[in-house]
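Worksheet: the structure to be examined is printed underneath.
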Number of protein chains: 2
Amino acid sequence: MKTAAAPAEEQIDVSTHYIRDSIRDAIVDRRLAPGTKLSEADVGALFNVSRTLVRGALQALSYEGLVNVEKNRGAFVAYPSPEEARQIFATRRMIEPGILREAAKHMGPSHFQHLRQLLMEEGRLMNERGQTARRAEIKASGDFHLILASMTGNAVMQRFMDELVARSSLVIALYGQSAISSCGHQEHQDIVTAIECGDSDRACHLMIHHIDHIEKDLDMRENKGSDLKEAFRL
Amino acid sequence: MKTAAAPAEEQIDVSTHYIRDSIRDAIVDRRLAPGTKLSEADVGALFNVSRTLVRGALQALSYEGLVNVEKNRGAFVAYPSPEEARQIFATRRMIEPGILREAAKHMGPSHFQHLRQLLMEEGRLMNERGQTARRAEIKASGDFHLILASMTGNAVMQRFMDELVARSSLVIALYGQSAISSCGHQEHQDIVTAIECGDSDRACHLMIHHIDHIEKDLDMRENKGSDLKEAFRL
DNA sequence: ATTGGTGAAATTGTATACGATCGAGTGCTG
DNA sequence: CAGCACTCGATCGTATACAATTTCACCAAT
């Protein structure tokens with residue numbers, strides 16, 4: 001699947017957006033490890049476009065915090081420091097309760113059904129084996145938070161959450177240890193239940209603890225087996 | 001102050017960042033009206049750089065929501081719709097209480113002094129006349145919220161607030177009517193007092209009402225004297 | 001007078017060219 | 001053999017060239 005024998009895949013209209021989204025997916029899906037260099041020429045060759053478009057995509061990703069662009073050195077998949085990681089989770093604790101309350105105002109039966117369905121899927125994946133199921137599970141667990149955000153009907157807030165969830169995924173890839181705290185799934189369910197009962201205070205409380213748990217499950221000692229170079233670069 | 005008789009100003013190292021910041025300042029300061037077209041060639045000529053750099057800056061600003069880039073048509077100073085405006089303020093109501101609580105944890109006497117000083121300045125500007133004082137007052141009133149955000153020590157959150165305050169400024173430029181609700185200043189003071197008293201709940205309450213007041217002071221009927229074109233563009 | 005079409009001018013989209021900077025390896029020197 | 005300066009290759013930064021698209025003016029026809 002390198003380059004040559006790709007028969008009919010070349011007809012996609014490859015724009016900056018397409019490249020950005022492709023790379024973002026790869027990062028969030030952990031097919032690109034933190035610290036990986038994204039050379040403009042290499043990426044351009046992959047998508048058969050010039051460096052111009054690639055640069056645009058990389059710049060966009062750097063705004064989202066998924067890529068670090070170092071002057072005259074190139075772009076690298078972000079390698080969030082422990083401090084950065086803490087700030088990301090702290091931010092989530094600051095805003096997700098607000099999202100919850102706002103979302104609750106807009107939710108009807110169909111929304112709850114949607115959420116329950118997502119939780120079912122999440123539970124199913126949890127009991128499966130394999131790399132693919134693991135990835136899907138992680139994605140689903142992020143989607144839970146994103147869908148809640150979408151239920152506020154607020155595009156501005158949704159974009160913030162998109163960024164936060166994506167960066168969280170990077171952090172977990174870097175510092176996560178246990179096989180995803182399976183309590184996360186239970187906590188998601190509890191939150192939905194609390195909302196359904198109209199107990200927003202309790203839902204917020206649960207949400208904050210949930211985020212706490214995710215963060216507590218990380219081992220944020222510096223240098224996860226890696227690069228002294230990166231450690232001292234900036 | 002157009003172009004010609006500028007004796008020794010040309011030695012600035014003009015990068016994408018510099019252009020982006022310059023344009024952002026101009027937008028937030030309302031020297032560039034919403035809807036203004038930002039032609040790549042024109043901007044490039046202004047800064048004596050090629051379109052390449054300008055495009056980078058405009059892309060960045062579009063990510064911040066201050067500029068809309070329309071394919072094959074160009075970049076325009078954002079012209080937030082009433083719906084967008086509502087979402088911006090709704091987002092602020094969702095996150096600023098969280099910021100307040102977090103900031104309160106980190107605040108010592110020096111921080112309060114800093115805030116009080118800002119409030120003094122704000123009050124002074126309020127009693128001055130003239131366009132310049134007005135601009136400075138608007139800026140100061142935004143800075144109040146930004147400084148609170150900075151006191152969380154959280155760079156991620158701070159970036160979000162930067163964006164929200166900048167976009168709010170655009171919205172106010174578009175839909176604002178009264179000579180800035182002078183009650184805003186009083187409300188800022190009350191918020192600081194509440195924090196100082198350790199009454200975070202009250203501070204949050206005040207903050208939400210404060211944001212409400214700002215929003216209530218807008219007249220968001222569509223078409224502020226303008227463009228059918230813009231209305232149907234997207 | 002309004003509508004519709006045609007072509008030139010202006011503007012953006014993308015690729016390429018060239019200069020600048022960084023990093024690694026090489027060879028010289030102490 | 002260690003240390004340092006230097007050169008060379010690779011990669012990035014910026015400008016420019018060319019293609020694609022839109023806009024606008026002009027004119028004909030209803």
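Chain letters run A, B, ... following the sequence lines, proteins first and then strands; every chain starts at 1. When reading the values below, keep in mind they use all heavy atoms of this one structure, side chains included, and skip hydrogens, waters and symmetry mates.
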List in chain and number order the residues that pass salt bridge (charged side-chain N to carboxylate O under 4.0 Å, His left out) with B:K216, two or more places apart in sequence or in another chain; answer none if no residue qualifies.
-> none
Under the ring-ring contact (aromatic ring centres under 6.0 Å, His included) test, residues paired with B:F89 that sit two or more places apart | none
Could you run down nucleotides 7-16 of chain C 5' to 3' and tag each one B, S or - for protein heavy-atom contact under 4.0 Å?
-> ----SBBBBB
With B:H106, which residues qualify under side-chain contact (heavy atoms from CB on, under 4.5 Å), at least two apart?
-> B:E102
For B:R159, check side-chain contact (heavy atoms from CB on, under 4.5 Å) against everything at least two apart and list the hits.
-> A:E163, A:R167
With B:R51 via side-chain contact (heavy atoms from CB on, under 4.5 Å) - residues at least two apart = B:E40, B:R55
